[in-house]
Chemist: 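My questions will all concern the structure given below.
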Amino acid sequence: MPEHDPSDDVPTTPHPGERAIARRDFLHRGALAGVGGVLAASGLAQSSASASPVPPSSSGVASPGSGEDVPPFELEEATVAQLQEAMRSGRMTSHSITAAYLARIEAMDRRGPALRAVIQTNPDALSIARQMDEERRAKGPRGPLHGIPVLLKDNVDTGDKLLTGAGSLALADMPAPRDAFIAQRLRAAGAVILGKANLSEWANFRSTRAASGWSGRGGQCRNPYALDRSPSGSSSGSAAAAAANFAAVTVGTETDGSIVSPSSACSVVGLKPTLGLVSRAGIAPISHTQDTAGPITRTVADAAALLSALAGVDPRDPATSAAEGHVEADYTKFLDANGLRGARIGVARAKVTGYHAQTDSLFDAAVDAIRRAGAEIVDPADIPHLGEYDDAEFTVLLYDFKDDLNRYLAERGPTSKVKTLADVMEFNRTHAAAEMPYFGQEIMQMAQAKGPLTDKDYVDALEKCRRLSRTEGIDAVMAAHRLDAIIAPTSNPPNVTDLSLGDHYLGSSSTPAAVAGYPTITVPAGYTHGLPVGLSFIGRAWSEPTLIRLAYAYEQATKMRRPPRFLPTMEMPVP
């Protein structure tokens, strides 16, 4: 790691944390649900954000800001390609770009609307950026991400001055011993790790009654489209930060819905890869049978560029051995504005529509847009067995969480004060005022009660999940209709953040691909009273190139995304 340059230190206002409640993205109804321009390079460093972890406070959700609190930002909606061109031409440097994003975080996350999407910024970010500039001048860029700032979800280990806590205070003062594999990949690509994004604590696998986006370490993350609305989770901060232009690109993780749901709620692109395409080594886990990291970005092109850096075989994660022959060096080559022409697209409706009339209307408009772009529509093409393996999925996750978390904590080293799930639960009890002010740890308790992965209940549940989600699920409907992809509403408009009752979900299409370990990508599909709704493209294993082509063509045909205005609440229609 580079030495820290004292000239890059800037005093800033502390980030006020807040306590709310968190919940797994796929928990619904008490059980598993279908669960700009160029910025001048001078003078920016004096506004960059603090490297300190965000301290929690005793307050609830802070008073919302308004559009009047939002300063202009010349990098708003800037893409990776645009930033690379600005650096190539000499109009900008990685240092000036990084400083601009740090200033944006300070103005919008620490102050102003106080989004609380970023837990911690990297004290070495500006010095790393300066090194990338020097290397560019001497040797040229390493690739598309050279000098590009990226935010990582707080469950991704970095062996630097940043902390990795999965949002929990139990890990907040113990740095990870080394980089996660994907952090290594990003550094090798020349990216600047800007900081850690807030999340639903422990990736929202703690309580059955919690509000997404809350963590003991970061407080309550807020949705930039309506500050009183949930950012969804568990990659809440990654999605909110991408939407709010706090970084060029961000990284999230998903077990079931935790990339695509917050991406839908925050009107950004979220790509959940095939299980094994991206290594999980060095990422605080829920389940080795479903976990994956993936891109959260403002455009499909940026998601493709980021996936190119993340994907790869890693000896530390045995699941990645299956990716041999499936990893593409450059996913941007699949971007095709005419990519829907001649494609066969199945429309899923059963158990993923009918929850919200305006979501369904936006979905129907998306189907029409896809048809007009030249695709052949098969409607309906429902995914079999939806809802039939929710209980089995939850059983698998409970077993996996105990086993996988214990392994992960053991790797954090001898100085860690929590070495097992039981230790985490005891820490929460001992620090209940900070960690359990609104909700408990019922899911952790259920997981702790489970036995080894050889238990018949686990083996049977895993077999059921894989059979119904894969062979008799996605594979069956795609083969029967000869489909290139299935589309569905990603989820419905985000609910009001509720500190008393937790999340109120109205349905989601994330579960089939999550349980199967298959890829899915969500793209903005429109807004209802200013609240975002996303459209998901779901495919078979290793079909990322196809999904990127289709999603990019839809994005270019519709151009639905618009940046947030940080309104206090949703837009109400004029009578």
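Throughout, residue positions are numbered sequentially from 1 according to the sequence presented. Side chains are part of it too, since the values below use all heavy atoms of this structure and drop only hydrogens, waters and symmetry mates.
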Chemist: Please answer whether the main-chain N or O of Gly354 pairs with a side-chain N or O of His356 as donor and acceptor at a distance below 3.5 Å.
Modeler: no
Chemist: Just checking, any donor-acceptor pair under 3.5 angstrom between side chains of Ser230 and Ser232?
Modeler: no
Chemist: Cut-off 3.5 Å, side chains only: do Thr297 and Asp302 have a donor facing an acceptor?
Modeler: no
Chemist: Give me the atom names and distance for the closest heavy-atom approach of Thr359 to Pro493.
Modeler: OG1-CD, 3.1 Å
Chemist: Is it true that the side chains of Thr292 and Glu254 contain a donor and an acceptor less than 3.5 Å apart?
Modeler: no
Chemist: Among all residues two or more places apart in sequence or in another chain, which pass the salt bridge (Lys or Arg N to Asp or Glu O under 4.0 Å) test with Arg407?
Modeler: Asp403
Chemist: Could I get the full list of ring pair (Phe, Tyr, Trp, His ring centres under 6.0 Å) partners for Tyr408, not counting sequence neighbours?
Modeler: none
Chemist: Could you tell me the separation between the CG atom of Leu306 and the CG atom of Leu271, rounded to the nearest 0.5 Å?
Modeler: 9.0 Å
Chemist: Just checking, any donor-acceptor pair under 3.5 angstrom between side chains of Glu442 and Ser207?
Modeler: yes
Chemist: Leu386 versus Val352: any side-chain heavy-atom pair under 4.5 Å?
Modeler: yes
Chemist: Who are the ring pair (Phe, Tyr, Trp, His ring centres under 6.0 Å) partners of Phe401, not counting sequence neighbours?
Modeler: Phe205
Chemist: Partners of Gln184 by side-chain hydrogen bond (donor to acceptor under 3.5 Å, both in side chains), sequence neighbours excluded?
Modeler: none
Chemist: For side-chain hydrogen bond (donor to acceptor under 3.5 Å, both in side chains), just list the numbers for Asp484 and Thr546, CA-CA rounded to whole Å, side-chain angles, deciding distance to a tenth of an Å, and then say yes or no.
Modeler: CA-CA 7 Å; Asp484 294 293; Thr546 298; 5.7 Å; no
Chemist: Is the shortest heavy-atom distance from the side chain of Ile345 to the side chain of Ile486 under 4.5 Å?
Modeler: no
Chemist: Pairing donors with acceptors under 3.5 angstrom, does anything connect the side chains of Glu393 and Gln290?
Modeler: yes
Chemist: Got a donor-acceptor contact below 3.5 angstrom from the Arg470 side chain to the Ala516 backbone?
Modeler: yes
Chemist: Measuring from atom CD1 of Ile538 to atom NZ of Lys272, what distance do you get when rounded to the nearest 0.5 angstrom?
Modeler: 10.0 Å
Chemist: Only pairs at least two apart or in different chains count here, so list each side chain to side chain donor-acceptor pair (under 3.5 Å) that has a residue in residues 513-527.
Modeler: Ser267-Tyr527, Asp475-Tyr518, Thr490-Thr522
Chemist: Who pairs with Thr274 by side-chain contact (heavy atoms from CB on, under 4.5 Å), at least two apart in sequence or on another chain?
Modeler: Pro519, Ala541, Trp542, Glu544
Chemist: Check side-chain contact (heavy atoms from CB on, under 4.5 Å) between Ala305 and all other residues, then give those that pass, not counting sequence neighbours.
Modeler: Thr332
Chemist: Distance from Ser261 atom OG to Asp503 atom CG, nearest 0.5 Å?
Modeler: 8.5 Å
Chemist: Asp364: what forms a salt bridge (Lys or Arg N to Asp or Glu O under 4.0 Å) with it, not counting sequence neighbours?
Modeler: Arg349
Chemist: Between the side chain of Asn428 and the main-chain N/O of Glu435, is any donor-acceptor distance below 3.5 Å?
Modeler: no
Chemist: With a 3.5 Å cut-off and no angle check, do the side chains of Ser235 and Lys153 form a donor-acceptor pair?
Modeler: yes
Chemist: Side chain of Lys196, backbone of Val156: donor and acceptor closer than 3.5 Å?
Modeler: yes
Chemist: Any chance the side chains of Thr320 and Asp314 put a donor and an acceptor closer than 3.5 Å?
Modeler: no
Chemist: I want to check something: taking the side chain as every heavy atom from C-beta on, are Asn492 and Val533 in contact at a cut-off of under 4.5 Å?
Modeler: no
Chemist: If you define the side chain from C-beta out and look only at heavy atoms, does anything of Asp382 sit under 4.5 Å from Val477?
Modeler: no
Chemist: Would you mind telling me which of Asp317, Asp400, Asp291 makes a salt bridge (Lys or Arg N to Asp or Glu O under 4.0 Å) with Arg280?
Modeler: Asp317
Chemist: Distance only, no hydrogens: is a donor on one side chain within 3.5 Å (strictly under) of an acceptor on the other, for Asn406 and Thr420?
Modeler: no
Chemist: Do the ring planes of Tyr331 and Phe334 sit parallel (below 30°), tilted (30 to 60°) or perpendicular (above 60°)?
Modeler: tilted
Chemist: Under 3.5 Å, is there a donor-acceptor pair linking the side chains of Thr158 and Asp179?
Modeler: no
Chemist: Between the side chains of Arg467 and Glu472, is the shortest nitrogen-to-carboxylate-oxygen separation below 4.0 Å, so that they form an ion pair?
Modeler: yes
Chemist: In Å, rounded to the nearest 0.5 Å, how long is the span from CD1 of Ile521 to OG of Ser263?
Modeler: 9.5 Å
Chemist: Please step through side-chain hydrogen bond (donor to acceptor under 3.5 Å, both in side chains) for the pair Ser491 and Ser508, ending with a clear verdict.
Modeler: CA-CA 4 Å; Ser491 55; Ser508 166; 5.8 Å; no
Chemist: Using modelled atom types only, decide if a donor and an acceptor are shared between the side chain of Arg185 and the backbone of Ala311 within a distance under 3.5 Å.
Modeler: yes
Chemist: Filter on ring-ring contact (aromatic ring centres under 6.0 Å, His included), then keep only pairs touching residues 446-481, sequence neighbours left out; what's left?
Modeler: Tyr399-Tyr458
Chemist: Using side chain to side chain contact (heavy atoms under 4.5 Å, CB included), reason through Ile383 and Ile474 one step at a time and then give a plain yes or no.
Modeler: CA-CA 6 Å; Ile383 303 173; Ile474 293 173; 4.3 Å; yes
Chemist: State whether the side chain of Lys402 and the backbone N or O of Lys450 hold a donor-acceptor pair below 3.5 Å, judged by distance alone.
Modeler: yes
Chemist: Is Asp423 salt-bridged to Lys419, going by a charged N under 4.0 Å from an acidic O?
Modeler: no
Chemist: Do side-chain atoms of Arg206 reach the backbone of Gly440 as a donor and acceptor pair under 3.5 angstrom?
Modeler: yes
Chemist: Return the set of residues passing side-chain contact (heavy atoms from CB on, under 4.5 Å) with Ser321 (not counting sequence neighbours), or none when no residue passes.
Modeler: none
Chemist: Does the ring centre of Trp214 sit less than 6.0 Å away from the ring centre of Phe439?
Modeler: yes
Chemist: Between the side chains of Asn198 and Ser215, does any donor sit under 3.5 Å from an acceptor?
Modeler: yes
Chemist: Can you tell me how far CG of Asp256 sits from OG1 of Thr511, rounded to the nearest 0.5 angstrom?
Modeler: 3.5 Å
Chemist: Not counting sequence neighbours, list each pair that qualifies as a ring-ring contact (aromatic ring centres under 6.0 Å, His included) and has a residue in residues 256-283.
Modeler: none
Chemist: Ignoring hydrogens and angles, tell me if any N or O in the side chain of Thr253 forms a donor-acceptor pair with the backbone of Ala293 under 3.5 Å.
Modeler: no
Chemist: If the condition is salt bridge (Lys or Arg N to Asp or Glu O under 4.0 Å), which residues does Arg229 pass it with, not counting sequence neighbours?
Modeler: none
Chemist: Do the side chains of Ser308 and Glu328 get nearer than 4.5 Å, heavy atoms only?
Modeler: no
Chemist: Between the side chains of Glu201 and Arg217, is the shortest nitrogen-to-carboxylate-oxygen separation below 4.0 Å, so that they form an ion pair?
Modeler: no
Chemist: With a 3.5 Å distance limit and no angle check, can you tell me whether Asn223 reaches the backbone of Ala265 through a side-chain donor-acceptor pair?
Modeler: yes
Chemist: Test your reading of the model: is there a side-chain donor-acceptor pair from Thr430 to the backbone of Glu426, 3.5 Å cut-off?
Modeler: yes
Chemist: Would you compute the distance between atom CE of Met444 and atom CG of Leu421 and round it to the nearest 0.5 angstrom?
Modeler: 6.0 Å
Chemist: Does Arg344 CZ have over 12 foreign heavy atoms under 6.0 Å away?
Modeler: yes
